[in-house]
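Residue numbers begin at 1 in each chain, while the letters A, B, ... track the order of the sequences.
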Protein chains: 2
Amino acid sequence: MTAAAVNLKIGDLARRAYCPAETIRYYEREGLLPEPARTNGNYRLYGAEHVERLSFIRNCRSLDMTLDEIRKLLLLRDAPDDNCEEVNVLLDGHIGHVAERIAELRHLRTDLQLLRERCGKAGTTKDCGILGGLSANVARKLKTPRRGHVPGTHRR
Amino acid sequence: MTAAAVNLKIGDLARRAYCPAETIRYYEREGLLPEPARTNGNYRLYGAEHVERLSFIRNCRSLDMTLDEIRKLLLLRDAPDDNCEEVNVLLDGHIGHVAERIAELRHLRTDLQLLRERCGKAGTTKDCGILGGLSANVARKLKTPRRGHVPGTHRR
DNA sequence: CTTGACCTTGAAGTGGCTGCAGGGTTTTTA
DNA sequence: TAAAAACCCTGCAGCCACTTCAAGGTCAAG
């Protein structure tokens, strides 16, 4: 165990929960984190319970859950005597989404690789089999939209 | 082959390229589609070349490319004497992105399934192994952000 | 000549942040 | 003790790829 965490400023909380300070303020606006105490100088003050709650949120996000799903889980968590059947249902639903998305992407990768092999020896884009392939009126559609943005990462 | 496509209104183009009319206007604003001719009543008028170009765009989108990637491909396509090496590079890069994302999601699914098995027989959320598992300070991160939104679909 | 299907523009909303401007506070260093 | 650096504050704009809405204009069928 680490030392008891009290009177953390937002940057301290950020480091402990691996979450940018801007995102902490955003979660507060969104109602996922309670409004914390403030210092005389109007700085936010956090304690161990905030580290725990924010870690919970970040773990859920790293499991690709939406903020709405996380909001529901937090409510269930805050009502400790409820039946945890709902937790199971929510998680099973989420596992289903992930499995679907994997299937789609695998299909996608196959299509891309087939397309990639169409590049002949022509040398110019005019005769490029790839560009030709992309013009075909195929219009197969993906079933699951990608959402939002995953924490802490950018396209390199 | 279908009959020659001329003097299509935006709804006709929409049906032929499986793309909502609003999205067509959006692509025009974004410079992916050229500004079309207009009728006396100010309706957009399209021809076969627009059906082809929009189908190209939609196929690329269904392969999960960004509008920026598609813009580059369209430029290459519009310069028919260039070397198609750049097309290959772009496509290989994209295949790489997709492969990475699949690997992440598979890892993710494993984590979710392990978590799911933690639900003991306690019956109440207070003792729920899942909620407990989500509180652990794990903070493994996904490497690739999900972007935007896939054409024509919603979460059910 | 009215109904209804279609089209127009412009602006705002979505999710989950991220970044910035323009300040205030606190800590460190000289 | 004073200056510099590091941190914090609010509020707002921007990102992507659309989607939705409001408020109107156009056109063909009955």
Tell me: CG of B/N40 to C1' of D/dC27, nearest whole Å? 12 Å
Could you check whether any side-chain heavy atom of B/L67 comes within less than 4.5 Å of a side-chain heavy atom of B/R71, counting everything from C-beta outward? yes
From the options C/dC7, C/dT26, C/dT18, select the nucleotide whose nearest atom is closest to the side chain of B/K9. C/dC7
Quickly work out the A/E22 CD to C/dG15 P distance and round it to whole Å. 21 Å
Counting the atoms with a prime plus P, OP1 and OP2 as sugar-phosphate, which does B/R25 contact under 4.0 Å by heavy atoms, base, sugar-phosphate, or nothing? base
Nearest to the side chain of A/Y26, which nucleotide is it out of D/dT19, C/dT8, C/dT18? C/dT18
Please confirm whether the shortest side-chain N or O distance from B/R44 to OP1 or OP2 of C/dC7 is below 4.0 Å. no
How about CZ on A/R106, more than 12 heavy atoms from neighbouring residues, nucleotides or ligands closer than 6.0 Å, or not? no
Tell me whether the OP1 or OP2 atom of D/dT26 has a side-chain N or O from B/R38 closer than 4.0 Å. no
Could you state the atom-to-atom distance from CZ of A/R61 to C1' of C/dT18 in whole Å? 14 Å
Separation of C/dC17 atom P from A/I70 atom CD1, nearest Å, is 8 Å
So A/Y27 and A/R58, side chain to side chain contact (heavy atoms under 4.5 Å, CB included) or not? Walk me through it. CA-CA 11 Å; A/Y27 289 158; A/R58 294 301 275 183; 2.9 Å; yes
Here the distance between atom C1' of D/dC18 and atom CG of B/L32, to the nearest Å, is 12 Å
Any side-chain heavy atom of A/S55 within less than 4.5 Å of one from A/R16? no
Whichever of B/I10 and B/R29 has its nearest DNA chain C nucleotide further upstream toward 5': B/I10
To the nearest angstrom, the CG-C1' distance between B/N7 and D/dA28 comes to 17 Å
Given DNA chain D, 5'-ward residue of the pair B/G41 and B/R71, judged by closest heavy atom: B/R71
In whole Å, I'd like the distance from the CG atom of B/L45 to the C1' atom of D/dT26. 13 Å
Is it the case that the base of C/dG24 and the side chain of A/Y43 share a donor-acceptor contact (distance under 3.5 Å, atom types as modelled)? yes
Between C1' of D/dA17 and CD of B/E30, the distance in whole Å: 8 Å
Under 4.0 Å: is that the gap between some side-chain N or O of B/T23 and OP1 or OP2 of D/dA17? no
Is B/D12 close to B/R15 at the side-chain level, that is, under 4.5 Å between some pair of heavy atoms? yes
Take B/G11 and A/D68, find for each the nucleotide of DNA chain C with the closest heavy atom, and name the residue whose nucleotide sits nearer the 5' end. B/G11
